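Encoded as structure tokens, the structure appears first; notes follow it.
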4 protein chains.
Amino acid sequence: MREPRRRLDPADRRRELLQAAERLLRRRADGVRVEDVVAEAGAAKGTFYLYFPTWDDLLEALRDELFARFEALAPEPVELDGPVDWPATLRRIAAAYIRFNLEMEGLHDALFHSDFARNRPVPVHRGGPARLAAMISAGQEAGVFAPVPAGLTARMLFAAMHEAADAVREGADRLAVTLALDALLHRALTPEIDP
Amino acid sequence: MREPRRRLDPADRRRELLQAAERLLRRRADGVRVEDVVAEAGAAKGTFYLYFPTWDDLLEALRDELFARFEALAPEPVELDGPVDWPATLRRIAAAYIRFNLEMEGLHDALFHSDFARNRPVPVHRGGPARLAAMISAGQEAGVFAPVPAGLTARMLFAAMHEAADAVREGADRLAVTLALDALLHRALTPEIDP
Amino acid sequence: MREPRRRLDPADRRRELLQAAERLLRRRADGVRVEDVVAEAGAAKGTFYLYFPTWDDLLEALRDELFARFEALAPEPVELDGPVDWPATLRRIAAAYIRFNLEMEGLHDALFHSDFARNRPVPVHRGGPARLAAMISAGQEAGVFAPVPAGLTARMLFAAMHEAADAVREGADRLAVTLALDALLHRALTPEIDP
Amino acid sequence: MREPRRRLDPADRRRELLQAAERLLRRRADGVRVEDVVAEAGAAKGTFYLYFPTWDDLLEALRDELFARFEALAPEPVELDGPVDWPATLRRIAAAYIRFNLEMEGLHDALFHSDFARNRPVPVHRGGPARLAAMISAGQEAGVFAPVPAGLTARMLFAAMHEAADAVREGADRLAVTLALDALLHRALTPEIDP
DNA sequence: AATGAATGAGGTTTCATTCAT
DNA sequence: TATGAATGAAACCTCATTCAT
């Protein structure tokens with residue numbers, strides 16, 4: 001009658017829990033409980049804590065995985081034949097970011113607009129700002145971006161991108177938002193202006 | 001043993017509760033409970049619910065008050081003698097915003113990086129983005145700002161200002177942040193760039 | 001703006017409170033609060049307690065009044081010309097009781113099927129059982145009722161009447177219930193049976 | 001300092017909670033709280049809600065159990081050798097009912113004269129009236145009871161039994177009450193009366 | 001006699017986390 | 001490694017009653 005205890009490879013079990021949590025959090029950012037996750041994953045409550053010390057650790061693992069997925073999806077450009085077109089790359093990344101952000105559904109709020117987000121800030125080396133800063137620096141070295149402070153500017157522009165995605169999520173026209181964001185990124189970094 | 005009952009004018013009692021909550025939330029954004037607030041305010045638990053149906057209603061009242069205070073502190077410019085210098089006004093507001101934001105201490109996180117912030121979004125007509133949009137439009141009419149979309153750009157720039165303040169809060173050098181923000185605002189709006 | 005304090009003759013004020021409570025309790029037996037009553041009566045909360053030491057005292061006053069009304073509505077028969085027809089009187093009273101009971105609406109549950117009913121039992125001299133006992137005794141003296149113990153029998157028969165009314169309230173056919181009750185009353189008291 | 005956690009089979013834990021509640025409610029029908037029950041049962045508050053969604057669900061479980069106990073104590077008669085003596089059976093059940101009722105102590109009020117009793121009426125198929133109706137029908141088929149309406153009469157007679165028990169509880173002489181009840185039951189059902 | 005702000009005990013319920021098995 | 005019963009700290013909210021005015 002009762003399911004026998006399912007012995008799994010730890011890595012598999014962990015993945016099942018993460019996937020279960022992701023499925024549920026996509027549907028609703030709020031009100032997903034440990035109990036729901038283990039039910040969805042076909043595990044027992046205590047098992048959860050063998051893999052994640054706390055609920056927030058699960059969220060952190062989920063966030064890490066999403067960052068990894070985004071990096072795979074929008075990889076750093078490499079100079080294969082000829083130099084990189086940094087402004088175009090930036091536009092491409094911005095569009096990819098918005099798309100990715102929207103595809104997250106409830107996950108987005110759970111991970112980025114929640115008490116969790118406050119209690120576990122994204123480590124500086126991960127996440128969008130760091131990548132953006134690297135791109136800005138690269139573009140500056142290539143002479144296509146103005147000499148603004150790369151770290152701080154990246155951070156502010158990333159916040160702007162995030163906000164742009166939120167605007168679309170709240171119903172703003174996606175094309176208009178993308179254009180406005182592209183304009184902002186262009187203006188923020190173009191060298192054709194007196195400092 | 002028992003404190004005598006303090007009968008106050010409702011407006012006073014409400015203010016005392018708000019002030020008590022503000023004091024506690026400044027110290028720690030997290031873990032302040034109704035019980036703590038009434039203890040701090042010298043009131044009984046039931047009294048709280050006479051003035052605020054739920055905890056989030058208290059936070060909302062607090063947020064409203066902060067907006068009002070900021071508006072008093074950084075009022076809209078008026079054309080007294082001669083036209084307004086919109087770019088300078090913008091810089092002034094940005095600096096005021098960062099200062100104000102930092103002075104909020106724990107309140108900032110409790111009101112703007114929390115589940116509350118998600119569940120009770122700032123009404124569009126209140127808050128920074130709306131004011132910023134109005135300023136951008138005014139500057140555009142005066143011909144000193146580029147014809148970027150005012151609403152979306154305001155929203156993104158406000159996010160950038162917010163992020164700038166967070167950066168200072170996390171230890172970034174305040175002057176550097178202010179300069180980077182000013183540069184961003186300038187570049188985002190200056191008409192000296194071809195679209 | 002504010003209603004001035006309405007000074008009333010104490011008896012009037014008390015009556016207004018009682019009537020307000022009756023109105024509300026008819027609508028819903030449950031969940032009527034002191035606050036609702038004073039609002040309905042146009043009085044202040046504290047005023048309630050000038051007239052009724054506790055909520056249960058209000059209910060008791062209401063119950064007393066209902067008893068009085070029932071007694072006025074179905075008065076004891078008097079021997080005007082010729083002897084009283086006790087069995088017919090009993091049937092009449094039973095029908096009147098059911099009618100009255102149904103007309104009470106929510107009051108019935110509030111007064112007779114509630115914690116109040118348990119905490120404040122009807123004083124023995126008031127209420128149905130006492131009157132029923134008097135009628136049974138009178139009928140016994142007139143030789144038309146069997147020599148059953150009047151007090152206990154009255155108590156049990158009154159419970160039966162009450163239950164009959166509840167049955168109608170719950171949807172049983174009123175005529176059928178009345179007939180069944182009449183039969184029970186008749187059989188319980190008729191002398192045409194060996195003891 | 002802290003008691004070690006007692007892990008029980010759910011059925012056992014549930015039984016312990018029910019027994020603890022029964023013990024307390026026997027002593028006093030009023031003012032027993034979830035907290036009292038878990039203290040008496042040596043469990044934590046949250047444990048209560050693992051087994052009973054609300055306080056009333058506990059009372060309902062208790063009531064179910066009491067019905068079951070009464071049914072075990074006063075089982076339906078079966079025709080072993082010769083026909084059942086229905087009038088005698090009825091007297092036996094009535095006496096058993098009164099005894100059982102008295103043994104309940106505070107439980108009786110908590111379960112049958114309370115807001116709970118109103119909010120969770122006894123399901124028609126359980127409880128005394130249904131059994132009584134079945135007995136009356138059986139006796140009618142055997143020709144030993146008069147052709148009164150079985151369902152309604154059962155309901156009224158059960159109310160009378162209940163009232164008889166209450167009378168004893170309030171101090172009436174138990175023998176006198178039993179005799180008066182037996183007389184009522186006899187008269188209500190005997191065929192020796194013309195309809 | 002009247003007001004209505006204040007009280008605080010009470011009860012409900014939820015869930016992340018622990019731990020005995 | 002796995003289980004799932006048990007825990008208990010919160011948080012929520014209600015409302016009869018009190019009492020300063």
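Every chain is numbered from 1 and lettered A, B, ... according to where its sequence line falls, protein lines coming before strand lines. Scope of the values below: all heavy atoms of this structure, side chains included, with no hydrogens, waters or symmetry mates. Just so we're clear, the structure is a prediction, and the values are computed from it rather than from any experiment.
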Between E:dT21 (P) and D:R6 (CZ): distance, integer Å: 11 Å
Less than 4.0 angstrom between a side-chain N/O of C:R13 and OP1 or OP2 of E:dA2, yes or no? yes
Write down the distance between CG (B:L58) and P (F:dC12), rounded to a whole number of angstrom. 11 Å
Ring center gap for A:H108 and A:H162 short of 6.0 angstrom: yes
What are the residues of residues 19-28 of chain C, sorted by number, that bring a heavy atom to within less than 4.0 Å of DNA chain E? none
Answer yes or no: is there a side-chain heavy-atom contact under 4.5 Å between C:R169 and C:N101? yes
Under a 3.5 Å threshold, yes or no: a donor from one side chain and an acceptor from the other, between A:H113 and A:D166? yes
Before accepting this row, confirm whether a basic side-chain N of the pair D:R6/D:E16 lies closer than 4.0 Å to the acidic partner's carboxylate O. yes
Over how many whole Å does the gap from A:R14 atom CZ to F:dA2 atom P extend? 14 Å
D:L8 CG to F:dG4 C1': how many Å, rounded? 13 Å
Report the distance from atom CZ of D:R15 to atom P of F:dA5, rounded to the nearest whole Å. 16 Å
Residues within residues 42-53 of chain C bordering DNA chain F, heavy-atom distance below 4.0 Å: C:K45, C:Y49
Contact list please: residues 105-121 of chain A against DNA chain E, heavy atoms, distance less than 4.0 Å, in numerical order. none
Does C:D36 come within less than 4.0 Å of C:R28, counting only side-chain N to carboxylate O? yes
With a 4.5 Å limit on heavy-atom distance, are the side chains of D:W55 and D:V32 in contact? yes
Nearest-nucleotide wise, let me know which of C:T54 and D:P10 is further upstream toward the 5' end of DNA chain F. D:P10
Whichever of D:R7 and C:D9 has its nearest DNA chain E nucleotide further upstream toward 5': C:D9
Any side chain to side chain donor-acceptor pair (under 3.5 Å) involving residues 42-52 of chain A? Give me the pairs, sequence neighbours left out, ordered by first then second residue. A:E35-A:K45
Looking at CG of B:L58 and CZ of B:R14, how far apart are the two atoms once the value is rounded to the nearest 0.5 Å? 8.5 Å
In plain terms, say whether A:R63 and A:E22 are close enough for a salt bridge, that is, a side-chain N and a carboxylate O under 4.0 Å apart. no
Flag side-chain contact, heavy atom, 4.5 Å: C:N119 against D:D30: yes
Within a strict 4.5 Å, meaning less than it, do heavy atoms of the D:V122 and D:F67 side chains meet? yes
CD of A:E35 versus C1' of F:dT7: gap in Å, rounded? 14 Å
Would you mind classifying the nucleic acid contact of C:R33 as base, sugar-phosphate or nothing, using non-hydrogen atoms under 4.0 angstrom? sugar-phosphate
Among all residues two or more places apart in sequence or in another chain, which pass the side-chain hydrogen bond (donor to acceptor under 3.5 Å, both in side chains) test with C:E103? none
Atom CG of A:D12 and atom C1' of F:dT1: how far apart are they, to the nearest Å? 14 Å
If we only count heavy atoms from C-beta on, is the B:V37 to B:L25 side-chain gap below 4.5 Å? no
Annotated structure of DNA chain E as dot-bracket, pair cut-off 3.5 Å, Watson-Crick or G-U only, | for inter-strand, is .||||||||||||||||||||
Please determine if C:R33 and C:E40 form a salt bridge, counting it only when a charged side-chain N lies under 4.0 Å from a carboxylate O. no
